[in-house]
Structure formats: structure tokens, C-alpha cells
Colleague: 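Here it is, the structure in full.
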Amino acid sequence: MDKAILRFVHISDTHYSPASYEPPPSRLHPRECTQELIEQVNALPFTPDFILHTGDVAYDPYPAIYEEIQSVFSAFNAPVMYLPGNHDHSAALQDVLMGRSEDDIMYPLYFTEVVNDVRLIFLDANNPDIPPPAGEVNQDQLAWLAAQLDDHDPRPIIVAIHHPLQKTHFSAWYDEFMMTINGDAVHNLLKTAVDRVRGVFFGHVHQNITFYRDGIMYSAVNSSWTQFYTLPGQGMETRNDLAADPAFNVVTLTDEGTIIQRYTYRVD
């Protein structure tokens with residue numbers, strides 16, 4: 001068996017809310033789901049290199065909630081890497097959860113990290129000029145991404161973003177309502193490094209879905225709170241799957257491939 005060079009937990013769309021808050025229809029409260037998520041991740045028989053949160057950390061983007069989130073998420077047994085989702089207050093997330101100084105806060109937020117000699121590229125499709133919940137990766141990011149991919153660094157690459165970049169071609173809700181509208185521009189850049197890109201990980205759609213295009217793997221994870229339907233003929237409406245359980249994924253990179261294991265859990 002190939003030796004793991006990197007192993008992380010992919011979570012998304014916690015939509016953390018105060019105990020008194022009543023979020024939209026769901027059989028579960030996001031606060032309780034987050035607490036169970038932490039217990040489940042900490043109970044794994046290994047310690048992940050990090051936990052990747054691909055956005056919508058909070059349900060409503062008011063800054064004060066991030067202090068509570070920081071306190072709750074500090075119980076994770078591994079560091080958490082964050083991206084803002086369309087529900088997040090990006091500046092507060094960067095300040096409180098990422099420890100960025102006022103001078104370092106970026107909008108949109110894009111940056112790189114290196115863990116275990118794997119390059120992590122974080123992108124941000126939140127764009128105030130695009131009607132939500134769709135997104136767009138702006139031109140500055142595209143130019144920056146092109147430079148990141150054109151440096152011929154041989155190390156494997158993981159890409160993280162909140163919004164989906166590629167269409168499924170079976171759901172108008174997914175393909176037209178939730179999409180990064182210039183996802184093909186990002187994809188075309190990633191193709192230039194297809195031999196190094198080991199996966200693009202995203203959230204936003206509240207569903208476990210993995211597919212390939214041109215040799216590049218795209219993978220979303222269930223929300224830790226509530227799930228959405230993505231069905232042919234569904235139209236543009238958002239439909240909650242009230243029977244589906246929250247989940248997280250364990251992602252392992254080896255010298256030869258990328259393995260995704262999906263874990264669902266119950267919240268009483």
C-alpha cells in the first residue's frame with residue numbers, strides 16, 4: 001500500500017448559529033451538529049494533518065459569532081484552515097479565526113500554504129458584483145493562480161474553494177444557481193498543471209459529490225448540518241433533504257493517488 005503523504009479532514013457549511021437562533025427548515029440545529037462533528041473527528045484513530053473548512057462557517061455574517069466559533073472550534077484536535085463562504089463575514093473570519101491583522105485582511109481571500117510538502121491553493125469566488133449564491137473568481141485571482149501553476153514546482157497541489165467550479169449537467173439548481181460563473185477559466189488554468197493537481201475541494205452545495213473533468217478531480221462534502229437535493233429536473237429551487245445525515249470526508253494523498261472516505265454521523 002502506498003504511504004500517505006498527507007491526510008486531512010474536509011468539512012464544510014457548518015452554518016454555526018447561537019443556541020437561540022432558528023435557522024431555516026431542518027430537523028437539526030447547526031450548533032448541535034457542529035458539536036457532534038468535533039466529537040466524531042476527534043474520535044478518529046489518527047490525528048489529521050489539518051481540517052479543511054471550505055466555507056459558510058457561520059449562518060448569518062455578523063462579526064460577534066466568530067468569537068463563539070473560535071471557542072467551539074478550538075476543541076478540534078488538529079488545526080483548521082478556513083475559507084469564507086457566501087454566508088460568512090470575511091473580515092471577521094480572517095481576523096478571529098485566522099489571526100490575520102487588519103493590514104493582512106484580503107477581499108477576496110486567496111493564498112497558499114504548504115503542508116507535508118503539498119501545496120495548498122485557496123481561492124475565493126465570493127464577489128459582490130455577482131448575485132448570490134453564485135460566484136466569480138476575479139481577474140486578479142486568475143492572474144495570481146496562473147503564476148502559481150506556471151512555476152513548474154513539482155510538488156502535488158490541492159485546491160480549495162467554496163463555490164463549485166464545474167457543472168454537473170444534470171441539475172439546473174447546481175449548474176445555474178450555485179455555480180462559479182467563470183469556473184471554466186479556473187479549470188483551464190488547472191489543466192496546465194493536471195499532472196500535479198490532486199484534487200479541487202469545495203462546499204456550498206451541501207452534498208457529497210465527486211467527478212472528474214480532463215483528469216482533474218472535483219469533490220464536495222456534505223454539510224455538517226443539513227443537506228440539499230441535486231436532482232435532474234429539479235429546477236432552480238433549493239430543496240432540503242431532511243432525511244440525510246451530516247458528514248465529513250477524510251482525504252488521503254499518497255504517491256500514487258488521492259483517496260476520499262466519506263463518514264456520516266447521527267445527531268440525536
Side-chain angles (χ1 to χ4, degrees), residues 9-17 23-24 26 30 33-34 37 51-61 80-90 93 97 107-110 121-138 141 158-187 190 199-211 213 216-231 234-241 244 246-249 251 260 262:
V9 171
H10 181 196
I11 66 175
S12 200
D13 299 276
T14 47
H15 288 271
Y16 189 88
S17 307
S26 173
C33 292
T34 297
L37 170 67
I51 296 163
L52 173 63
H53 196 315
T54 48
D56 281 356
V57 182
Y59 187 81
D60 278 339
V80 184
M81 295 187 176
Y82 296 96
L83 273 177
N86 56 298
H87 279 258
D88 284 310
H89 190 291
S90 183
L93 182 150
L97 300 184
Y107 187 85
L109 175 65
Y110 52 98
I121 296 178
F122 295 79
L123 300 174
D124 186 353
N126 290 296
N127 189 326
D129 297 327
I130 304 299
E136 181 182 43
V137 176
N138 67 9
Q141 278 187 89
I158 290 291
V159 178
I161 190 169
H162 179 65
H163 294 74
L165 289 169
Q166 292 299 297
K167 295 182 178 181
T168 60
H169 300 289
F170 62 77
S171 168
W173 172 82
Y174 184 112
D175 290 348
E176 300 175 33
F177 189 56
M178 304 288 279
M179 184 60 55
T180 302
I181 64 172
N182 64 339
D184 280 347
V186 180
H187 177 77
L190 296 177
V200 179
F201 296 89
F202 62 100
H204 196 39
V205 295
H206 293 226
Q207 187 174 104
N208 266 321
I209 182 169
T210 298
F211 58 92
R213 181 183 176 193
I216 296 172
M217 181 185 70
Y218 291 88
S219 180
V221 62
N222 272 15
S223 165
S224 65
W225 168 42
T226 190
Q227 315 317 319
F228 297 152
Y229 284 107
T230 304
L231 299 170
Q234 179 175 327
M236 298 288 282
E237 76 278 8
T238 298
R239 295 178 56 195
N240 287 73
D241 183 355
F248 61 90
N249 291 346
V251 181
I260 300 174
R262 309 188 188 280

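Being a predicted model, the structure only gives us computed values, none of them experimental. This chain uses plain numbering: 1 for the first residue, then up along the sequence.
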Colleague: Under a 3.5 Å distance rule, please check whether Gln234 uses its side chain to pair with a backbone N or O of Glu237 as donor and acceptor.
Modeller: yes
Colleague: For the pair His10 and Phe201, name the ring-plane relationship: parallel under 30°, tilted 30 to 60°, perpendicular over 60°.
Modeller: perpendicular
Colleague: I need the minimum non-hydrogen distance between Val186 and Leu165, along with the two atoms involved.
Modeller: CG1-CD1, 3.8 Å
Colleague: Is there a donor-acceptor contact under 3.5 Å from the side chain of Gln141 to the main chain of Leu123?
Modeller: no
Colleague: Taking it one step at a time, do Thr14 and His53 satisfy side chain to side chain donor-acceptor pair (under 3.5 Å)?
Modeller: CA-CA 9 Å; Thr14 47; His53 196 315; 2.9 Å; yes
Colleague: Looking only at atom types and distance, does a side-chain atom of Asn249 sit under 3.5 Å from a main-chain N or O of Val221, one as donor and one as acceptor?
Modeller: no
Colleague: Hey, could you give me the CD1/OG distance between Ile209 and Ser219, rounded to the nearest 0.5 Å?
Modeller: 9.0 Å
Colleague: Looking only at side chains, do Trp173 and Thr230 share a donor and an acceptor under 3.5 Å apart?
Modeller: no
Colleague: For the side chain of Asp175 and the backbone of His169, is there at least one donor-acceptor N/O pair under 3.5 Å apart?
Modeller: yes
Colleague: Consider ring pair (Phe, Tyr, Trp, His ring centres under 6.0 Å). Of Tyr174, Tyr229, Phe228, which one does His206 pass it with?
Modeller: Phe228
Colleague: Hey, can you tell me if Tyr218 and Phe211 have their rings parallel, tilted or perpendicular (30° and 60° cut-offs)?
Modeller: parallel
Colleague: State, with a plain yes or no, whether a side-chain heavy atom of Glu136 is found less than 4.5 Å away from one of Asp129.
Modeller: no
Colleague: Is there a donor-acceptor pair under 3.5 Å between the side chain of Ser17 and the backbone N or O of Pro30?
Modeller: no
Colleague: Quick one: does Pro128's side chain get under 4.5 Å of Tyr107's, heavy atoms only?
Modeller: yes
Colleague: So do Asp184 and Arg213 actually touch side chain to side chain, heavy atoms under 4.5 Å?
Modeller: yes
Colleague: Could you work out, with ring-ring contact (aromatic ring centres under 6.0 Å, His included) as the rule, every residue matching Phe248, not counting sequence neighbours?
Modeller: Tyr263
Colleague: Within the distance-only criterion (no hydrogens, no angle test), does the side chain of Asn240 pair as donor or acceptor with the backbone N or O of Thr226 below 3.5 angstrom?
Modeller: no
Colleague: What are the two closest non-hydrogen atoms of Pro164 and Gly203, and how far apart are they?
Modeller: CD-O, 4.4 Å
Colleague: Relative to the ring of His15, is the ring of Trp225 parallel (under 30°), tilted (30 to 60°) or perpendicular (over 60°)?
Modeller: tilted
Colleague: Show your reasoning for whether side chain to side chain contact (heavy atoms under 4.5 Å, CB included) applies to Val80 and Leu97.
Modeller: CA-CA 9 Å; Val80 184; Leu97 300 184; over 6 Å; no
Colleague: Are the side chain of Asp124 and the backbone of Leu109 linked by a donor-acceptor contact shorter than 3.5 Å?
Modeller: yes
Colleague: What closest approach, in Å, do Ala125 and Val137 show between heavy atoms, and which atom pair accounts for it?
Modeller: CB-CG2, 4.1 Å
Colleague: Test Leu231 against Arg239 for side chain to side chain contact (heavy atoms under 4.5 Å, CB included), laying out the working first.
Modeller: CA-CA 10 Å; Leu231 299 170; Arg239 295 178 56 195; 4.0 Å; yes
Colleague: Would you call Ser90 and Asn126 a side-chain contact if the rule is heavy atoms closer than 4.5 Å?
Modeller: no
Colleague: Would you kindly say whether Asn127 and Asn138 are connected by a side-chain donor-acceptor distance under 3.5 Å?
Modeller: no
Colleague: Please report the C-alpha distance between Gln227 and Gln207 in whole Å, then the side-chain angles of each, then the deciding distance to 0.1 Å, and finally whether the side chain to side chain contact (heavy atoms under 4.5 Å, CB included) criterion is met.
Modeller: CA-CA 6 Å; Gln227 315 317 319; Gln207 187 174 104; 5.8 Å; no
Colleague: Can you tell me how far CG of Leu190 sits from CD1 of Ile216, rounded to the nearest 0.5 angstrom?
Modeller: 5.0 Å
Colleague: Can you check whether Thr54 reaches Phe202 side chain to side chain, under 4.5 Å on heavy atoms?
Modeller: no
Colleague: Over all heavy atoms of both residues, which pair between Asp88 and Pro61 is shortest? Give the atoms and the distance, please.
Modeller: C-CB, 3.6 Å
Colleague: Do the side-chain N and O atoms of Asn86 and His162 include a donor-acceptor pair separated by under 3.5 angstrom?
Modeller: yes
Colleague: Could you tell me whether a side-chain N or O of Asn222 sits under 3.5 Å from a main-chain N or O of Asn208, the two making a donor and an acceptor?
Modeller: yes
Colleague: Would you say Asp56's side chain and His87's backbone share a donor-acceptor pair under 3.5 angstrom?
Modeller: yes
Colleague: First locate atom OG1 of Thr210, then atom CD1 of Ile260, and finally report the distance between them rounded to the nearest 0.5 Å.
Modeller: 4.0 Å
Colleague: Would you call the rings of His204 and His163 parallel, tilted or perpendicular, taking 30° and 60° as the class edges?
Modeller: tilted
